[in-house]
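This is a predicted model, so every value here is computed, not measured. Residues take their numbers from the sequence shown, with the count starting at 1.
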Amino acid sequence: MNSTIRVKLSIMMFLEFFIWGAWFVTLGTFLGNNLKASGSETAAIFSTQSWGAIIAPFIIGLIADRYFNAEKILGILHLIGAFLMYQMYQSEEVGMFYTYVLSYMILYMPTLALVNSVSFNQMKDPEKEFANIRVWGTIGWIIAGLSISYFFHWDSTEGISSGLLKNTFLLAGIAALLLGLFSFSLPKTPPKVSDEKIKIGDIIGLDALKLLKDKNFAIFFVSSILICIPLAFYYQNANLFLTEAGVENPTGKMAIGQISEALFLLLIPVFFTRFGFKKTILVGMLAWAIRYVLFAYGNGDDLSFMLIIGIALHGICYDFFFVSGQIYTNSKAGEKYKSAAQGLITLATYGVGMLIGFAVAGWITDNYKMADGAVNWQMVWIIPAGIAIVVFLLFALLFNEKNKVEETSSAI
């Protein structure tokens, strides 16, 4: 890969995740303050991410992989996305906003696979080269959060009361427009020509259901769905909670989580080699419970350090469970079912698991809203902490890690 292509792919990744980080982190705060959305309405809007994740494989499998160049579809989806972002920026009513954000997420989620396809198509050794490109996506997300807090100050007390958070959609829309236009200059990534008949089961990974005959994999599969319930609480409520707790520059501080994610990613091979899959994933589950206990009993004043530690635990929460789970799935699936297994896990977690999680988070938030409109955040965080502990105990008791050395070596 020459330097020009490397730079182009890095810019593509930067903008791809800058777009997402520019509006999704502050979405809960925007909905609560600008649109006065209830917990259930907020849950429905966050659930559009899950619907996008469920529909994305069909767009990729039925269209992108068979008929059009990936970079062209990427450009078209982001150009339409820029228009939808502008509509979200102008929206003043929850119903219409939901329509626009659902349409947007159905178009955006497939682009996550498309940017990977464009990148992999240019690499001779993806295992060594991809990380250096993908890291620019994490940098893009971090820069988006820092810009909102420290450059534009849209999430300050004054900015929120003035309704400035709606500008996040304008910022994301401009970035989407740039990436949409830039995509047409990316290296050509032709479709995978195939005369084979398309099977819906192949697209959503149904062939991998055979893996559920393995008791350990079935336990891991169910645990993956259940742990997404507490995960949804973080995505849906964290920014609003930090804002109401009086934390200054909450969006910028939440970028600590992405920095942590990048750092802990490097430690996964070490944990796998030394402790094996079961202990690694249990550490990830336990981190969710600890994080939410810190959120429940911390505050924006003398105990603000507890909230910062909770944010910083994101790397352990996400990497040690989800990334470790992807590696475990890869090692169990074998060559024949690798793609199907990863597709099935993604559908189960970001699709089914997150749908359930967002609904539960919205219901809990509404039920712990007090007469004056304030939320009893302590209970809102204690409940997902309890759920994480239950999943932790179930996995610890039921999952039996046989052939630890063999599984670990094959996973790494």
(message) Any heavy-atom pair between the side chains of L31 and V94 that's under 4.5 Å?
(response)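 SC-SC contact between V94 and L31 ruled out.
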(message) Assess the residue pair S156 and E248 against the criterion (side chain to side chain contact (heavy atoms under 4.5 Å, CB included)); give the C-alpha distance rounded to whole Å, side-chain angles, the decisive distance to 0.1 Å, and a yes or no.
(response) CA-CA 7 Å; S156 64; E248 292 186 5; over 6 Å; no
(request) Find the distance between CD1 (I219) and CG (L398) and round it off to the nearest 0.5 Å. (result)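 It is 5.0 Å, given to the nearest 0.5 Å.
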(request) Return the minimal non-hydrogen interatomic distance between F182 and K8, and the atom names on each side. (result)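 Where F182 meets K8 most closely, the heavy atoms are CE2-O, 3.5 Å.
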(message) Looking at Y350 and I345, would you say the former's side chain and the latter's main chain have a donor-acceptor pair under 3.5 Å?
(response)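 Side chain of Y350 to backbone of I345: no pair is present.
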(message) Strictly distance-based, threshold 3.5 Å: is any side-chain N or O of T251 a donor or acceptor partner for the main-chain N or O of N249?
(response)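 Here the side-chain-to-backbone pair does not exist.
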(request) Tell me, please, which residues at least two apart from D214 pass salt bridge (Lys or Arg N to Asp or Glu O under 4.0 Å). (result)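 Counting only residues at least two positions away or on another chain, D214 forms a salt bridge (Lys or Arg N to Asp or Glu O under 4.0 Å) with K332.
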Contacts of [X] that satisfy side chain to side chain donor-acceptor pair (under 3.5 Å) - sequence neighbours left out:
| X | answer |
| --- | --- |
| Y98 | none |
| Y89 | none |
| W141 | Q258 |

(message) Looking at F17, I'd like to know if the NZ or CZ of R134 sits under 6.0 Å from its six-membered ring centre while staying within 45 degrees of the ring's axis.
(response)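 Yes.
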(message) Looking only at the aromatic ring of each residue, does the gap between the centers of W381 and F241 stay below 6.0 angstrom?
(response)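 Yes, the ring of F241 comes within the 6.0 Å limit of the ring of W381, centre to centre.
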(message) Determine whether the aromatic ring centres of residues F169 and Y86 are separated by less than 6.0 angstrom.
(response)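 They do not qualify: ring centres at least 6.0 Å apart.
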(message) Pair K166, L170 - check side chain to side chain contact (heavy atoms under 4.5 Å, CB included), show working.
(response) CA-CA 7 Å; K166 74 172 187 176; L170 192 59; over 6 Å; no
(request) For the residue pair F97 and F30, categorise the inter-ring angle as parallel (less than 30°), tilted (30 to 60°) or perpendicular (more than 60°). (result)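 Judged by the thresholds at 30° and 60°, the geometry between F97 and F30 is tilted.
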(message) side chain to side chain contact (heavy atoms under 4.5 Å, CB included), that's the test. Do L242 and I311 meet it? Break it down for me.
(response) CA-CA 10 Å; L242 294 172; I311 294 170; 3.7 Å; yes
(message) Tell me every residue that passes ring pair (Phe, Tyr, Trp, His ring centres under 6.0 Å) with F271, counting only those two or more places apart in sequence or in another chain.
(response)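 For F271 the ring pair (Phe, Tyr, Trp, His ring centres under 6.0 Å) partners, ignoring immediate neighbours, are F275, F320.
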(request) Quick one: list whatever passes ring pair (Phe, Tyr, Trp, His ring centres under 6.0 Å) with F152, sequence neighbours left out. (result)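 F152 satisfies ring pair (Phe, Tyr, Trp, His ring centres under 6.0 Å) with W154 only.
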